[in-house]
Amino acid sequence: MGSSQQTRCSECPLQLAQCLRALSPEQVETMQSIKRGERMVERGDTVFEQGSDGSELFTVLEGVLMRVRTLDDGRRQIVNLMFPGDLVGLQGAFDDPRSHSVEAILPARLCEFHRVDFPTLIRSHPRLGYDIVWMAAKEETELEEHIVSLGQRNARERIANLAVWMVDRAQASGIARRDNSLELPITQTQVAEMLGLSLVHVNRTLQWLRSEKLVDWRNGRIAVPDMERTSDFAQFEGRRMQMRPFI
């Protein structure tokens, strides 16, 4: 991991993303002053390990990551996915060991910051402090939706809800196509790890969703032909194309 090529904050591609709220020139200058560097990770690489101590925070500049919790016997729960503009390392108390690991689903470029710089950042730019709180609250809302899926939705609704959410988030980050499709090499095993289903159940459910023209998920591509219809089926209540902050 690592990168010799650095993207200046004034040239950050996230500033041009349709559904990310651009930083002001003063905020850009401040972020540049505390940026410690960039990190490149390949698909399958680990950004940090569960149980590790770390002072870094990262903004996802490019790529998609997943947050994973592993039990002592090796069973894994994929907790959430992270898209361009998301802040990685915010989850959990700043002084505690990492409660999860973060792995790359797609090759990713990460802007690196250190936690010790954030109190000064928040004092000098209260609006950025508010944005950090907003991002933490938004992720909690998404995790709440995930808990509802695990506890109350059936397998068809769970997978349909996950597909709509991923396409929605990818559109908000500028990496999904206008035809509501997303190139993302998530395996059926990873879907099972995220939704608490067996691999056989995932396979059969994907076949049913494809036959009903609700979700076409195969060969590393997720497509939702009719977002409204599939959202209604899955009872997905996310606000599509909502403006999101980033730092």
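All values below come from the heavy atoms of this structure, side chains included, with hydrogens, waters and symmetry mates left out.
The line from CD1 of Ile222 to CG of Leu182 is 5.0 Å long, rounded to the nearest 0.5 Å. The CG atom of Asn203 lies 15.0 Å from the CH2 atom of Trp208; values are rounded to the nearest 0.5 Å. One distance of note links CZ of Phe48 with CZ of Phe58; it measures 7.0 Å at 0.5 Å rounding. Within the model, atoms CG of Leu209 and OG1 of Thr230 stand 8.0 Å from one another, a figure rounded to the nearest 0.5 Å. Separating the OG1 atom in Thr205 from the CG atom in Leu214 is a distance of 12.0 Å, to the nearest 0.5 Å. The distance from the CG atom of Asp45 to the CD1 atom of Ile105 is 13.0 Å, given to the nearest 0.5 Å.
The side-chain heavy atoms of Pro84 and Leu14, taken from C-beta on, include a pair separated by under 4.5 Å. Contact annotation: the side chain of Val215 never approaches that of Leu162 to less than 4.5 Å [non-hydrogen atoms, C-beta and beyond]. Between Leu184 and Met166 the shortest side-chain heavy-atom distance falls below 4.5 Å. In this structure the side chain of Met31 reaches within 4.5 angstrom of the side chain of Ile34, judged on heavy atoms. Annotation: side chain of Gln27 is in contact with side chain of Arg127 (closest heavy-atom distance under 4.5 Å). The shortest side-chain heavy-atom distance between His114 and Leu57 does not fall under the 4.5 Å cut-off. Considering only heavy atoms from C-beta on, Leu110 stays 4.5 Å or farther from Glu56 through its side chain. Between Leu143 and Arg67 the shortest side-chain heavy-atom distance falls below 4.5 Å.
At most 12 heavy atoms of other shown residues, nucleotides or ligands fall within 6.0 angstrom of atom CG in Asp72. Around the CG atom of Asn219, the shell of radius 6.0 Å holds no more than 12 heavy atoms that belong to other residues, nucleotides or ligands. With a 6.0 Å radius and a threshold of 12 heavy atoms from other residues, nucleotides or ligands, Gln32 has its CD atom above the threshold. The local environment of CD in Glu183 is crowded, with over 12 non-hydrogen atoms from other residues, nucleotides or ligands closer than 6.0 Å.
Under the 4.5 Å side-chain heavy-atom criterion for grouping Ile, Leu, Val, Met, Phe, Trp and Tyr, Tyr130 is connected to Leu121 within one hydrophobic cluster. Hydrophobic clustering, with ILVMFWY side chains joined whenever heavy atoms are under 4.5 angstrom apart, groups Ile132 together with Trp134.
Judged by distance alone, the side chain of Thr59 and the main-chain N or O of Leu87 form no donor-acceptor pair under 3.5 Å. The backbone N or O of Leu150 lies less than 3.5 Å from a partner atom in the side chain of Arg158, making a donor-acceptor pair. Arg109 places no side-chain N or O within 3.5 Å of a backbone atom of Glu62 that could act as its donor or acceptor partner. A distance-only check finds no donor-acceptor pair linking the side chain of Ser55 to the backbone of Arg115 [under 3.5 Å]. With hydrogens and angles ignored, the 3.5 Å screen pairs no side-chain donor or acceptor of Arg43 with any backbone N or O of Leu106. Remark: side-chain polar atoms of Gln171 are not paired, donor with acceptor, to backbone N or O of Asp168 under 3.5 angstrom. Side chain of Lys35 to main chain of Thr7: a donor-acceptor pair is present (N/O by atom type, distance under 3.5 Å, no hydrogens or angles). Between the Glu139 side chain and the Ala136 main chain, no donor and acceptor come within less than 3.5 Å of each other. Proximity of a side-chain donor or acceptor of Ser173 to a complementary backbone N or O of Arg169 within less than 3.5 Å is detected. The backbone N or O of Gln235 lies less than 3.5 Å from a partner atom in the side chain of Arg153, making a donor-acceptor pair.
Taking the six-membered ring where tryptophan is involved, the planes of Trp165 and Phe83 are perpendicular, since the angle between them exceeds 60° and thus also 30°.
Nearest heavy-atom pair across Pro185 and Gln190 is O-OE1, 3.9 Å. The two residues Met194 and Val79 have their closest heavy-atom pair at CE-O, 4.3 Å. The two residues Pro245 and Leu20 have their closest heavy-atom pair at O-CD2, 4.5 Å. Across Leu197 and Val202, no two heavy atoms sit closer than the pair CB-CG2, 3.8 Å. Residues Val28 and Ser10 share a closest heavy-atom pair of CG1-N, 3.6 Å. Nearest heavy-atom pair across Cys12 and Leu61 is SG-CD1, 3.6 Å.
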Q: Report the C-alpha separation of Glu228 and Phe236 in whole Å, then their side-chain angles, then the decisive distance to 0.1 Å, and conclude whether the side chain to side chain contact (heavy atoms under 4.5 Å, CB included) test is met.
A: CA-CA 9 Å; Glu228 293 298 330; Phe236 176 77; over 6 Å; no
**Q.** Leu71/Gln77 under side chain to side chain contact (heavy atoms under 4.5 Å, CB included): CA gap, chis, key distance, verdict
**A.** CA-CA 8 Å; Leu71 300 181; Gln77 174 70 49; over 6 Å; no
Q: Could you walk me through whether Leu23 and Gln15 pass side chain to side chain contact (heavy atoms under 4.5 Å, CB included), step by step?
A: CA-CA 7 Å; Leu23 301 178; Gln15 288 280 86; 3.6 Å; yes
(Q) side chain to side chain contact (heavy atoms under 4.5 Å, CB included), that's the test. Do Asp86 and Leu65 meet it? Break it down for me. (A) CA-CA 10 Å; Asp86 284 349; Leu65 310 174; over 6 Å; no
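Remark: Glu193 does not engage Arg69 in a salt bridge, criterion side-chain N to carboxylate O under 4.0 Å. A salt bridge between Glu142 and Arg244 is present, with a side-chain N of the basic residue lying under 4.0 Å from a carboxylate O of the acidic one. Asp216 has no carboxylate O lying under 4.0 Å from a charged side-chain N of Arg221, or vice versa, which leaves the two without a salt bridge.
A cation-pi arrangement is not found for Arg210 relative to Trp217, the charged atom failing to lie both closer than 6.0 Å to the ring centre and inside a 45° cone about the ring normal. Annotation: cation-pi geometry not satisfied between Arg36 and Phe113 (NZ/CZ under 6.0 angstrom from ring centroid, within 45° of ring axis).
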